[in-house]
Chemist: 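Would you mind keeping the following structure in view while I ask a few things?
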Amino acid sequence: MEFSAEQIAAFLQGQVEGDPKASVHTFAKIEEGTPGALSFLSNPKYNSYLYETESSIVLVNRDLVLEHPVKATLVRVENAYESIAKLLSLYESMKPAKKGISPLASISESATIGQDVYIGPFAVIGDNARIGDRTQIYPHVTIGDGASVGADSLLYHHVTVYHGCKVGNRCIMHAGSVLGADGFGFAPAEGGYEKIPQIGIAELADDVEIGANTCVDRSTMGRTFVGKGVKLDNLVQIGHNVEIGENTVMSAQGGVAGSAKIGAWSMFGGQVGIAGHITLGDHLNCGAQSGIAGSEKGGQTLMGSPAMEHRIWARSAIITKKLPDMYRELQELKKELAALKATIKEQNV
C-alpha cells in the first residue's frame, strides 16, 4: 500500500508543505526514518531529528516553527500524535482479516458461531458458547461453557474466557489475558481458609482492550464490569465485583481490589494500587505508583502513597529530599541545646 502526501493531507484535513506527490509505503520513528517512510513529530524533545531524518513525509503540528530547512515533505495537522494514530488504524484495517475454522479446533456442537469467524488450531469453544460475526479466535484460546464473545472482537493466543463470562463487540484481548477467574475470596477458618464460591461473572463492554497477562476476576455474586472503551495495559489485576466506568485507562501493573468503583474517563499510571470497597469519581488522574486508600472525588490529579493532591505531593517530595540534612541539623541543635542546659545549670549552682 502506497499513499502520497496529498492523499494523507486530505484524509487528515492537513496542509502539505513540500512535494505533494511524495509517497510512502511504511512507517518509521523519526530518528530511524528511511526513504519511503512516514514519521511524525509531536514531542519537542525530538525536534532535532526533523532536520536530519530520511523519512519521505513527516506529520507535524500546525504551529511548529521551523529552525532550519528540511528535506522531508511535511504534512501540518492540528495534532500529529492523534493523526498518526488515525493513519495506523487505517493501515491496520486494510490488512486482510483471518477467516475459517481450523479442523484442529474443538468446538461444541451446542456452540453458536457467527459468520466470517476465524477460529485457530487448538482453540476450545465450550457448550452453549456464542461467538459473534467476524470475530477472530487465535490458537489455544479457550471460551468456556455459556460464555459469549461479540462481533468483530479479537482474542489472541492463550486467552481464556471462563464459563458464563461476556466479551462485547470490537474488544481486543491480548495473549494470556484471563476473564472470569475466581475472585480472591477466602474466609478465615479454624484449619486455614475456607474458599468462598465465586458464582458471578465478569463482563467486558464494547470496545474494551486488555493487555497481555491481564486478569479480570469474576464476581462473588452479580458481575465484575469493565465499561465501554476502557483500556487496560499488560499485567493489570482487576478484583472481583469491581466496576470501571467507560473510557478509563490504566497502565501496566496496576491493581484494583474487590468491590471498588472507578469513574469514567479516568487515567491511572503504572503500578497504581486501588483499595477495595471505595468509590472514585469521574475524570480522576493518578500518577505512577500511587496508592489510593479511600474514596476520592473526580476531577483531581493524585500522586504518592498514600495518594494526595499533586501540588501537596510535590511540596512533600521537596521536603523528603531534604530530610537527611534536616536530621543532621536536628542532631546538632540537640547537642547545642544539651550544652546550653549544662552551662545554665553550672551558672545556677
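Residue indices begin at 1 and follow the sequence shown.
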Chemist: Taking atom CD of E309 as the centre, report whether more than 12 heavy atoms of other residues, nucleotides or ligands fall under 6.0 Å from it.
Modeler: yes
Chemist: Okay, side chain of S4, backbone of Q7: is any donor-acceptor separation there less than 3.5 Å?
Modeler: yes
Chemist: Does Q331 CD have over 12 foreign heavy atoms under 6.0 Å away?
Modeler: yes
Chemist: Just wondering, do L179 and T160 contact through their side chains at under 4.5 Å, heavy atoms?
Modeler: no
Chemist: Tell me the closest heavy-atom pair linking H240 and S219, and the distance in Å.
Modeler: CB-CA, 3.9 Å
Chemist: Same cluster for V159 and L204 if Ile/Leu/Val/Met/Phe/Trp/Tyr side chains link at under 4.5 Å?
Modeler: yes
Chemist: Does any N or O in the side chain of T214 come within less than 3.5 Å of the main-chain N or O of V236, such that one atom is a donor and the other an acceptor?
Modeler: yes
Chemist: Can you confirm whether P188 sits close enough to Y193 that some side-chain heavy atom of one is under 4.5 Å from a side-chain heavy atom of the other?
Modeler: yes
Chemist: Give the C-alpha distance, both sets of side-chain angles, the deciding distance and a yes or no for side chain to side chain donor-acceptor pair (under 3.5 Å) between H283 and Q300.
Modeler: CA-CA 7 Å; H283 298 279; Q300 299 185 83; over 6 Å; no
Chemist: Quick check: is L64 connected to F40 through a chain of hydrophobic side chains (ILVMFWY, heavy atoms under 4.5 Å apart)?
Modeler: no
Chemist: Counting only N and O atoms by type, is there a donor-acceptor contact under 3.5 Å from the side chain of S110 to the main-chain atoms of N128?
Modeler: yes
Chemist: Hey, is the main chain of E82 close enough, under 3.5 Å, to the side chain of N79 for a donor-acceptor pair?
Modeler: yes
Chemist: If only atom types and distance count, is the side chain of R134 paired as donor or acceptor with the main-chain N or O of V117 below 3.5 Å?
Modeler: no
Chemist: Is D133 close to D116 at the side-chain level, that is, under 4.5 Å between some pair of heavy atoms?
Modeler: no
Chemist: Quick check against the 3.5 Å criterion: does N43 have a side-chain atom that pairs as donor or acceptor with the backbone of K45?
Modeler: yes
Chemist: Keeping N247 on the side-chain end and W265 on the backbone end, is there a donor-acceptor pair under 3.5 Å?
Modeler: no
Chemist: Is any side-chain N of the basic residue among K322 and D325 closer than 4.0 Å to the acidic one's carboxylate O?
Modeler: no
Chemist: Locate the shortest heavy-atom distance separating D145 from D127; write the atom from each residue and the value.
Modeler: OD1-N, 2.9 Å
Chemist: Closest heavy-atom contact between Q289 and S305?
Modeler: O-CB, 4.1 Å
Chemist: Of all heavy-atom pairs between I30 and L41, which one has the smallest distance, and what is that distance?
Modeler: CD1-CB, 4.1 Å
Chemist: In terms of heavy-atom contacts, does CZ of F3 have more than 12 from other residues, nucleotides or ligands at under 6.0 Å?
Modeler: yes
Chemist: Do I125 and I101 share a hydrophobic cluster, counting only Ile, Leu, Val, Met, Phe, Trp and Tyr and linking them when any side-chain heavy atoms are less than 4.5 Å apart?
Modeler: yes
Chemist: Do K335 and E332 meet the salt-bridge criterion of a basic N to acidic O distance under 4.0 Å?
Modeler: no
Chemist: If Ile, Leu, Val, Met, Phe, Trp and Tyr residues are connected whenever their side-chain heavy atoms lie under 4.5 Å apart, and connections chain through other members, are I113 and I137 in the same group?
Modeler: yes
Chemist: Keeping the roles fixed (side chain from T53, backbone from S55), state whether a donor-acceptor pair exists under 3.5 Å.
Modeler: yes
Chemist: Around atom CE of M267, are there more than 12 heavy atoms of other residues, nucleotides or ligands at under 6.0 Å?
Modeler: no
Chemist: With heavy-atom distances below 4.5 Å as the criterion, would you say the side chains of V242 and I274 are in contact?
Modeler: no
Chemist: Could you tell me whether the side chain of K86 reaches within less than 4.5 Å of the side chain of L12, counting heavy atoms only?
Modeler: yes
Chemist: Do T224 and D217 have side-chain atoms, one donor and one acceptor, less than 3.5 Å apart?
Modeler: no
Chemist: Are the side chain of S266 and the backbone of T248 linked by a donor-acceptor contact shorter than 3.5 Å?
Modeler: no
Chemist: Of all heavy-atom pairs between V272 and A288, which one has the smallest distance, and what is that distance?
Modeler: CG2-CA, 4.4 Å
Chemist: Answer yes if the ring centres of Y138 and Y118 are under 6.0 angstrom apart, and no otherwise.
Modeler: yes
Chemist: Can you tell me how far CG of D19 sits from CG of L74, rounded to the nearest 0.5 angstrom?
Modeler: 12.0 Å
Chemist: So, do H140 and H157 have ring centers that fall under 6.0 Å from each other?
Modeler: no
Chemist: Once ring-ring contact (aromatic ring centres under 6.0 Å, His included) is applied, do any residues pair with F11, and if so which ones, sequence neighbours excluded?
Modeler: none
Chemist: Would you mind checking if D182 and K195 are paired as a salt bridge, meaning a charged N to carboxylate O distance below 4.0 Å?
Modeler: yes
Chemist: Answer whether the closest heavy-atom distance between the side chains of Y46 and E31 falls below 4.5 Å.
Modeler: yes
Chemist: In chain order, what residues pass the side chain to side chain contact (heavy atoms under 4.5 Å, CB included) check against R170, with sequence neighbours excluded?
Modeler: D152, D206, D207, K228
Chemist: Counting only N and O atoms by type, is there a donor-acceptor contact under 3.5 Å from the side chain of S39 to the main-chain atoms of A28?
Modeler: yes
Chemist: Could you walk me through whether Y49 and Y51 pass the ring-ring contact (aromatic ring centres under 6.0 Å, His included) check?
Modeler: CA-CA 5 Å; Y49 292 110; Y51 307 105; over 10 Å; no
Chemist: Partners of K71 by salt bridge (Lys or Arg N to Asp or Glu O under 4.0 Å), sequence neighbours excluded?
Modeler: E54
Chemist: Transitively linked via ILVMFWY side-chain contacts under 4.5 Å: Y81 with L90?
Modeler: yes
Chemist: How close do G287 and M303 get, counting heavy atoms only, and between which atoms?
Modeler: CA-SD, 3.4 Å
